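Take a look at the structure below.
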Amino acid sequence: MSDQKIIKVGVIGAGRIGKIHAENLATRVPGVVVAAIADVNLEAARELAAKLHVETVYSDYKKIMEDKSIDAVAICSSTDTHADLIIEAANAGKHVFCEKPVDHSLAKIDKAIDAVKKAGVQCQIGFNRRFDPNFKKLRDLVQGGKIGDLQILRITSRDPAPPPAEYVKLSGGMFLDMTIHDFDMARYLSGSEVEEVYAAGGVMVDPAIGAAGDIDTAIITLKFANGAIGTIDNCRKAVYGYDQRAEVFGSGGMAATANNTANTSVYSNADGVTSEKPLYFFLERYMESFVAEMREFITAIRENTPTPVNVLDGRKPVVIAMAAKRSLQENRPVKLSEIE
Ligand SMILES: NC(=O)c1ccc[n+]([C@@H]2O[C@H](COP(=O)([O-])OP(=O)(O)OC[C@H]3O[C@@H](n4cnc5c(N)ncnc54)[C@H](O)[C@@H]3O)[C@@H](O)[C@H]2O)c1
């Protein structure tokens with residue numbers, strides 16, 4: 001380890017997820033330094049940098065792109081910046097970790113894919129749930145043939161509380177913002193591609209979300225290329241906490257995951273039996289996966305091996321989300337080939 005080159009990473013965006021990635025890179029990923037943090041909100045960048053003892057802070061991310069000593073960037077800024085920043089980083093010869101989704105426009109995503117290919121840099125997209133040990137186990141069982149021929153895949157993904165309507169307006173809608181993780185999980189668990197989707201949805205949590213033109217509750221059925229069928233059910237509000245479960249069922253058996261809880265105690269008395277609620281939200285539930293994805297990104301850079309979630313993996317769930325959106329609007333099954 002000691003003779004390994006230190007990888008210098010610039011973090012762009014010091015908001016909710018930027019804080020997590022910067023801290024993990026600085027303290028939990030060996031052989032890495034956070035060389036600079038940039039945020040248009042300079043105060044946010046300064047605060048994060050002070051916490052992590054990072055000396056270089058910018059309001060303009062271009063300073064990171066221009067710094068030849070920086071090997072890689074972690075793009076943690078708002079979604080509308082991702083594709084352009086991937087292109088700029090690739091053109092500057094920097095490896096790229098970019099948060100999901102890559103963009104809401106396939107044309108822009110394709111430009112980012114081209115730039116990455118042309119530059120020959122590593123690019124990983126932040127589908128962190130693939131690195132969660134529970135879901136990874138399901139994937140391993142499917143891949144190892146233990147489930148036999150996969151027939152049914154079920155994903156439950158419900159948030160504890162809805163985002164503000166202001167956020168919803170810019171999010172691209174629930175399918176592109178929230179379900180996008182589940183679309184990626186469907187590909188990951190099945191080891192197959194989604195070919196057709198049929199979505200039903202409604203506004204059952206917050207009328208302001210409806211007024212902003214979105215839905216907050218949905219069921220999406222999926223048909224896969226390998227013949228399997230699946231469902232994803234989403235809600236922006238589950239009163240008992242962050243509900244994140246999956247099940248794979250096939251000719252050889254079934255495997256399912258439960259929610260993670262702060263402890264496993266079960267209290268019984270004359271009134272009934274109670275246990276802990278699921279961990280509150282993604283920061284609590286998926287912290288281990290955020291660390292693991294960054295470690296794998298750095299390993300891919302170091303060993304020049306493919307990243308586990310490449311930029312094409314970033315594109316495919318966007319196509320599924322667009323198909324789901326159309327399905328909801330037109331109230332009919334939509335083939336992904338209609339979107340391409
Ligand atoms: N993988 C996950 O589980 C997960 C979780 C949360 C957010 N995300 C994704 O991460 C991205 C950021 O989300 P967030 O919740 O951290 O948002 P946020 O609003 O908390 O933070 C975004 C930050 O980016 C900064 N920013 C915007 N434009 C910039 C630019 N041009 N240059 C530098 N900084 C810029 C903003 O000032 C803000 O501080 C989104 O694309 C979101 O979809 C992923």
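Ligands are counted one by one from 1 in listed order, and the atoms in each one are counted from 1 as well. None of the values given here were measured: they were computed from a predicted structure.
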Do any nitrogen or oxygen atoms of Arg16 lie less than 3.5 angstrom from nitrogen or oxygen atoms of ligand 1?
yes

Using a strict cut-off of 4.0 Å, indicate which atoms of ligand 1 neighbour a heavy atom of Thr79.
40 (C), 41 (O), 43 (O)

Need the ligand 1 atom indices (1-based, order shown) with element for anything under 4.0 Å from a heavy-atom of Gly126.
1 (N)

If you have a sec, work out which protein heavy atom is nearest [atom] and how many Å separate them, to one decimal?
| atom | value |
| --- | --- |
| atom 22 (C) of ligand 1 | Cys76 O, 3.9 Å |
| atom 21 (O) of ligand 1 | Gly15 CA, 3.2 Å |
| atom 30 (C) of ligand 1 | Val40 CG1, 3.8 Å |
| atom 9 (C) of ligand 1 | Lys100 O, 3.5 Å |
| atom 8 (N) of ligand 1 | Glu99 OE1, 3.9 Å |

Which option wins on minimum heavy-atom distance to atom 37 (O) of ligand 1: Asn41, Asp39, Ile37?
Asp39

Regarding atom 4 (C) of ligand 1: of the candidates Ile17, Thr81, Ile64, which has the closest heavy atom?
Ile17

For residues 146-154, which side-chain donor-acceptor pairs fall under 3.5 Å, sequence neighbours excluded?
{"from": "Gln151", "atom 1": "OE1", "to": "Ser251", "atom 2": "N", "distance (Å)": "2.9"}
{"from": "Arg154", "atom 1": "NH2", "to": "Glu247", "atom 2": "OE1", "distance (Å)": "3.3"}

Less than 4.0 Å between a side-chain N and a carboxylate O, is that true for [Y] and [X]?
| X | Y | answer |
| --- | --- | --- |
| Glu340 | Arg315 | yes |
| Lys63 | Glu66 | no |
| Arg158 | Asp233 | yes |

Evaluate salt bridge (charged side-chain N to carboxylate O under 4.0 Å, His left out) for Asp71 paired with Lys8, printing each intermediate quantity in order.
CA-CA 5 Å; Asp71 304 290; Lys8 292 176 84 175; over 6 Å; no

So, does [X] sit close enough to ligand 1 that a heavy atom of it is under 4.0 Å from the ligand?
| X | result |
| --- | --- |
| His82 | yes |
| Lys19 | no |
| Tyr286 | no |

Taking everything shown except Glu338 itself, do over 12 heavy atoms lie less than 6.0 Å from its CD?
yes

Flag, side chain of Ser327 to backbone of Val334, donor-acceptor distance under 3.5 Å:
no

For Pro162, is there any backbone N or O sitting under 3.5 Å from a side-chain donor or acceptor partner on Asp159?
no

Side chain or backbone of Ile12 under 4.0 Å from ligand 1, or both, or neither, by non-hydrogen atoms?
side chain

Applying a heavy-atom cut-off of 4.0 Å, say which part of His181 lies close to ligand 1: side chain, backbone, both or neither.
side chain

Do you see a protein non-hydrogen atom under 4.0 Å from atom 19 (O) of ligand 1?
no

Nonpolar side-chain network containing Phe97, other nodes, edges under 4.5 Å:
Ile7, Val9, Val11, Leu25, Val29, Val32, Val34, Ile37, Leu48, Leu52, Val54, Met294, Phe297, Ile298, Ile301

Group every Ile, Leu, Val, Met, Phe, Trp and Tyr by side-chain heavy-atom contacts under 4.5 Å, then state whether Leu138 and Phe127 land in the same group.
yes

